[in-house]
Amino acid sequence: MEIRERYLNIKRRLFDKVYSSLNAPQRESVFTTRGPLLILAGAGSGKTTVLVKRIAFIIKYGNAYYSDFVPEGISERDVAKLESALDLTPAEIEPYLSQFAENPCPPYAVLAITFTNKAANEIKHRLAAAFDNEEVANDIWAGTFHSICVRMLRVHAEKIGYGPNFNIYDADDSKRAMLAAMKNLGIDDKTLPIKSVMNTISRAKDALMTPSDFLDEAGREFRLKKIGEVYEEYQKNLRISNALDFDDIIMQTVKLLREHEEVRRYYQNKFKYVCVDEFQDTNVAQFELTNLLIGHYRNLMVVGDDDQSIYKFRGATIENILSFDKTYPDAKVVKLEQNYRSTQNILDAANAVIGVNTNRKGKNLWTSQGEGDKIVLRLSEDQNSEAMYIVDKINEAVAKGEASYRDFAILYRTNAQSNSIERTFAKSGVPYRMLGGIRFNDRKEIRDVVAYLQLINNHSDAERLLRIINEPKRKIGDKTIDAIRAIASEQEISLFEVIKNADKYAALGRSANILLGFAALIEKLTKILEDGCPLDAFVNQVLDMSGYRQMLVSAGEEERDRLENLEEFISGVIEYMKNTEEPTLGGFLEETMLVSDVDKYDESADACVMMTIHSAKGLEFPIVFLPGMEDGLFPGSQTVMSASAEDMEEERRLAYVAITRAKRKLYIIHTRNRMIYGRTSFNPVSRFVSEIPTSLIYKDAPPKRSDSYSSFGTGGFGGYGGSAATSRGSFVSVGTAKTSSSGLGGVGDKVTIGKTFTSPVKQGAGERFSEGDRVSHMTFGEGEILSVKPMGADVLYEIAFEKVGTKKLMATYAKLKKIN
DNA sequence: TTACGCCTCCTTTTT
DNA sequence: GGAGGCGTAA
């Protein structure tokens with residue numbers, strides 16, 4: 001063999017050995033650094049590992065593996081020396097590899113795009129660990145599509161007609177803005193339901209259609225034409241508000257990159273490698289954005305699983321992944337089919353179900369872990385006995401010591417199903433956590449403070465202004481608001497601009513003074529912030545000067561939860577300040593809008609977890625229950641009726657996701673009759689269950705006298721076997737509905753923990769304090785009581801804390817301790 | 001302005 | 001079955 005060839009051969013064998021903990025296709029993925037690459041990663045196939053190792057590889061070795069470079073004048077002896085290194089262990093070989101590096105890429109030239117903050121953080125953490133260096137992780141651009149786009153837009157907003165301090169509208173804000181636009185146009189939301197308007201406009205933006213594109217396409221179709229007009233008006237108002245909705249964040253970035261060559265060039269040169277995770281969930285706009293970023297390097301890696309594409313209703317286009325190799329004919333395609341999560345029986349079931357779909361690339365998951373238990377199929381009488389069956393099985397396994405509560409997950413198709421399950425769990429005392437409640441950020445009082453802050457950050461924001469202009473009540477009624485809107489709309493200026501000059505508009509009449517006062521309040525607060533007030537103190541100022549806190553305090557008992565939540569919110573602000581080098585209001589708001597809190601449900605609590613199958617994507621659990629596996633529920637009746645093959649395939653992919661969450665054991669349950677929307681329905685077992693070979697299934701038939709299950713009804717606790725009783729009274733309280741969140745924004749709590757079961761422990765008012773007493777508080781530290789005001793049955797303390805300034809706290813909730 | 005009662009509408013939701 | 005929106009009555 002020629003010496004050059006031998007050199008290259010040995011080099012590659014050395015790399016193979018160092019990376020021998022990966023399987024062959026995984027290594028192939030890591031070593032392929034140049035050009036377009038599609039990784040079809042089956043469920044549980046080590047996708048994230050590959051993603052991270054590949055980025056690390058690029059940073060360390062660049063294109064080392066496939067490079068044909070051979071050093072000048074290499075000798076037989078050199079090659080022989082290398083060859084002898086092959087006998088060493090992987091760890092011993094590793095130091096040798098750096099000599100092969102070819103164009104290693106600096107971390108800041110790597111862009112990794114994900115859909116969730118959780119995934120982005122995971123990548124950063126694992127990279128930091130791989131390099132034992134936080135900086136590498138901080139330098140690479142790893143983030144969600146939205147956060148990356150916002151980062152670019154902040155710099156270049158002016159080029160596309162926005163101010164750099166633009167605000168972000170979430171779904172609720174944008175719904176209000178669309179309703180306002182419809183009102184403006186005189187379109188009744190009964191003839192044109194807001195839900196469908198929102199959905200249509202959102203899909204249009206996903207597909208990069210501007211209002212005029214949309215109107216062109218709508219032609220003379222009445223409904224679409226109307227929606228097009230709303231879209232146009234809505235977009236005009238967003239611009240005046242200097243606000244972007246979630247979809248704009250992507251679409252406007254695409255516009256920026258398309259229309260501004262110098263900006264495009266800059267990022268194309270900057271990002272030498274681009275990676276996109278969960279590629280099956282991308283929409284047209286996101287793919288276009290990616291294409292615009294990769295530039296002439298064309299070093300684009302996308303990872304995803306066409307079989308787990310379950311977000312079509314949100315605009316995801318499975319075609320992006322299915323035809324990636326047509327868009328990029330030179331793309332290398334790698335399939336990761338070895339599964340490290342589940343037993344073969346579970347995988348066989350999943351393979352069988354997904355195999356029915358035709359619109360897919362085709363993969364076959366396998367494992368070396370053995371076949372494991374059969375899948376248990378259970379027919380229950382109704383949703384209550386279904387829930388009791390689950391509780392029974394859990395208690396049984398826990399009693400035998402086969403599993404802990406945290407090993408179980410109950411995954412359902414619709415949130416509505418959670419009711420009966422939760423009730424049964426609460427009654428039986430099995431600890432549980434449920435995902436999908438109201439998010440902390442969505443509570444009214446939180447949205448209100450945020451609205452104040454957003455308005456201060458960006459005076460033009462119409463929705464935020466409208467939200468709080470009369471909150472607390474300032475005697476600004478609908479008529480005044482309509483008048484303000486009319487003036488603003490006619491002159492195409494912001495609402496704030498009108499209010500600021502209220503005395504100049506006759507139409508505002510007697511309200512002018514109140515409006516001027518409101519404008520002055522906002523400007524005064526803006527000034528306080530500009531003068532360098534720390535963020536947490538500033539939020540307190542906002543609450544005090546606006547009268548918002550006083551409004552809640554005056555309401556007494558009824559609103560103390562809200563007051564508590566506001567304190568919690570401020571803790572979140574403090575948390576943000578701690579974690580951020582240069583904390584700013586804008587930065588905090590951005591995080592509040594872009595970082596949710598699903599990321600951080602407390603996995604340490606020993607409790608069963610309940611959630612929809614959608615939210616379970618990406619997670620795994622030793623033992624999984626799938627209740628409600630019935631045609632009419634899953635697949636849903638809409639899908640069954642619609643006869644759309646595409647919709648049915650999407651539903652089947654969801655079933656595939658559900659099955660592949662299970663590591664050791666899978667229970668599938670269906671019922672004879674079930675109450676849905678107040679009606680009893682008799683659903684046949686899900687077609688997806690019928691698609692699983694019977695050889696993989698064990699039918700858990702109810703015992704002959706099992707009618708006791710249902711005859712006891714919902715309330716019957718003694719209806720089932722002794723095992724449940726063992727756990728009675730063993731409830732482990734895993735916290736109240738409001739966990740003190742530690743993450744960014746600190747304001748998150750989508751996780752409702754044992755909410756019906758945990759009765760909040762009423763803290764007695766306890767010791768009462770008087771003026772001048774020194775006290776200590778769990779979060780705020782030590783301070784001195786400034787004043788004491790009786791409030792109904794409770795007492796309001798004003799306390800000067802050493803670290804966090806003066807705060808007003810209710811005695812019952814402050815949990816103060818006296819210091820001597 | 002608020003309160004209550006009636007009517008309607010129901011999938012999934014990473015940002 | 002239940003939440004949320006809306007209209008009417010006080």
Side-chain angles (χ1 to χ4, degrees), chain A residues 113-122 143-150 168-174 179 189-190 193-196 198-199 202 205-206 244-251 253 277-283 285-286 304 308-316 383 411-420 423 435-436 438-439 441-442 470 473 475-478 590-599 611-619 628 632-642 647 650-651 653-655 657-658 674-681 714 745 748 750:
Chain A
I113 314 177
T114 63
F115 273 85
T116 64
N117 293 293
K118 187 183 173 190
N121 291 334
E122 169 104 19
T144 62
F145 270 103
H146 290 83
S147 69
I148 281 159
C149 287
V150 167
I168 298 167
Y169 279 8
D170 69 11
D172 188 70
D173 303 316
S174 95
L179 282 167
D189 73 317
K190 277 182 198 107
I194 182 64
K195 250 186 110 173
S196 96
M198 269 176 52
N199 198 47
S202 183
K205 288 185 175 184
D206 288 344
L244 297 165
D245 66 21
F246 282 147
D247 303 315
D248 282 334
I249 289 173
I250 314 292
M251 185 174 172
T253 310
D277 192 14
E278 303 281 12
F279 189 67
Q280 77 282 353
D281 292 336
T282 52
N283 59 36
Q286 287 158 336
Q308 293 187 67
S309 170
I310 54 172
Y311 283 107
K312 183 183 172 201
F313 69 96
R314 282 181 64 116
Q383 70 269 29
L411 310 178
Y412 33 78
R413 175 69 247 260
T414 69
N415 280 308
Q417 290 168 258
S418 68
N419 240 321
S420 54
R423 261 202 288 267
L435 268 71
I438 317 160
R439 306 197 318 193
N441 283 352
D442 288 341
N470 204 30
K473 300 276 174 282
K475 300 203 168 130
I476 300 171
D478 291 348
E590 197 168 299
E591 248 175 46
T592 310
M593 298 310 290
L594 258 28
V595 178
S596 85
D597 31 84
V598 245
D599 323 350
M611 64 179 97
T612 62
I613 299 166
H614 279 90
S615 8
K617 198 181 77 166
L619 305 177
L633 191 60
F634 189 19
S637 51
Q638 295 203 358
T639 316
V640 175
M641 306 287 197
S642 88
D647 289 355
E650 172 115 342
E651 205 76 350
R653 290 192 289 270
L654 191 58
V657 169
R674 177 182 299 274
M675 189 86 104
I676 302 173
Y677 302 137
R679 281 168 193 278
T680 302
S681 39
T714 327
K750 188 180 181 166

Tell me: [atom1] of [X] to [atom2] of [N], nearest whole Å?
{"X": "A:Q286", "N": "B:dT15", "atom1": "CD", "atom2": "C1'", "result": "9 Å"}
{"X": "A:Q383", "N": "C:dG1", "atom1": "CD", "atom2": "P", "result": "10 Å"}
{"X": "A:Y311", "N": "B:dT13", "atom1": "OH", "atom2": "P", "result": "6 Å"}
{"X": "A:I250", "N": "B:dT14", "atom1": "CD1", "atom2": "C1'", "result": "12 Å"}
{"X": "A:D206", "N": "B:dT13", "atom1": "CG", "atom2": "C1'", "result": "13 Å"}
{"X": "A:L435", "N": "B:dT12", "atom1": "CG", "atom2": "C1'", "result": "14 Å"}
{"X": "A:E591", "N": "B:dT15", "atom1": "CD", "atom2": "C1'", "result": "14 Å"}
{"X": "A:N199", "N": "B:dT12", "atom1": "CG", "atom2": "C1'", "result": "12 Å"}

Discussion item. Are B:dT12 and A:F313 stacked, with the base six-membered ring and the side-chain ring centres under 5.5 Å apart and planes under 30°?
Written reply: yes
Item to complete: Could you tell me whether the side chain of A:Q280 reaches within less than 4.5 Å of the side chain of A:E278, counting heavy atoms only?
Response: yes
Worksheet item: Under 4.5 Å between any side-chain heavy atoms of A:M593 and A:H146, yes or no?
Response: no
Discussion item. Would you compute the distance between atom CG of A:L435 and atom OG of A:S615 and round it to the nearest 0.5 angstrom?
Written reply: 6.0 Å
Fill in: Test: A:D170 and A:R439 ion pair at under 4.0 Å
no
Item to complete: May I ask you to say whether A:R314 pairs ionically with A:D206, meaning some side-chain N is under 4.0 Å from a carboxylate O?
Response: no
Worksheet entry | N or O in side chain of A:N117 less than 4.0 angstrom from B:dT15 OP1/OP2 | yes
Practice prompt. Please check the phosphate of B:dT12 (OP1 and OP2 only) for any side-chain N or O of A:S615 closer than 4.0 Å.
Written response: no
Discussion item. Mind checking if A:F145 touches a base, just sugar-phosphate, or nothing, with heavy atoms under 4.0 Å?
Written reply: nothing
Discussion item. Judged by each residue's nearest nucleotide on DNA chain B, which is more toward the 5′ side, A:I476 or A:A416?
Written reply: A:I476
Practice prompt. Assign each of A:K617 and A:N470 to its nearest nucleotide of DNA chain B by heavy atoms, then name whichever residue's nucleotide is nearer the 5' end.
Written response: A:N470
Contacts under 3.5 Å, N or O only, protein and nucleotides 5-11 of chain B:
residue	atom	partner	partner atom	Å
B:dT11	OP1	A:Y677	OH	2.9

Worksheet item: Shortest non-hydrogen contact from A:D247 to A:S202?
Response: OD2-OG, 2.8 Å
Worksheet item: Is the glycosidic torsion of B:dT12 within 90° of 0, making it syn, or is it anti?
Response: anti
Worksheet item: The side chain of A:T612 lies closest to which of these nucleotides: B:dT12, B:dT15, C:dG2?
Response: B:dT12
Worksheet, complete the sentence: Of B:dT14, B:dT15, B:dT13, the nucleotide closest to the side chain of A:H614 is B:dT13
Discussion item. Treating A:Q417 as the side-chain partner and A:L411 as the backbone partner, does any N or O pair qualify as donor plus acceptor under 3.5 Å?
Written reply: no
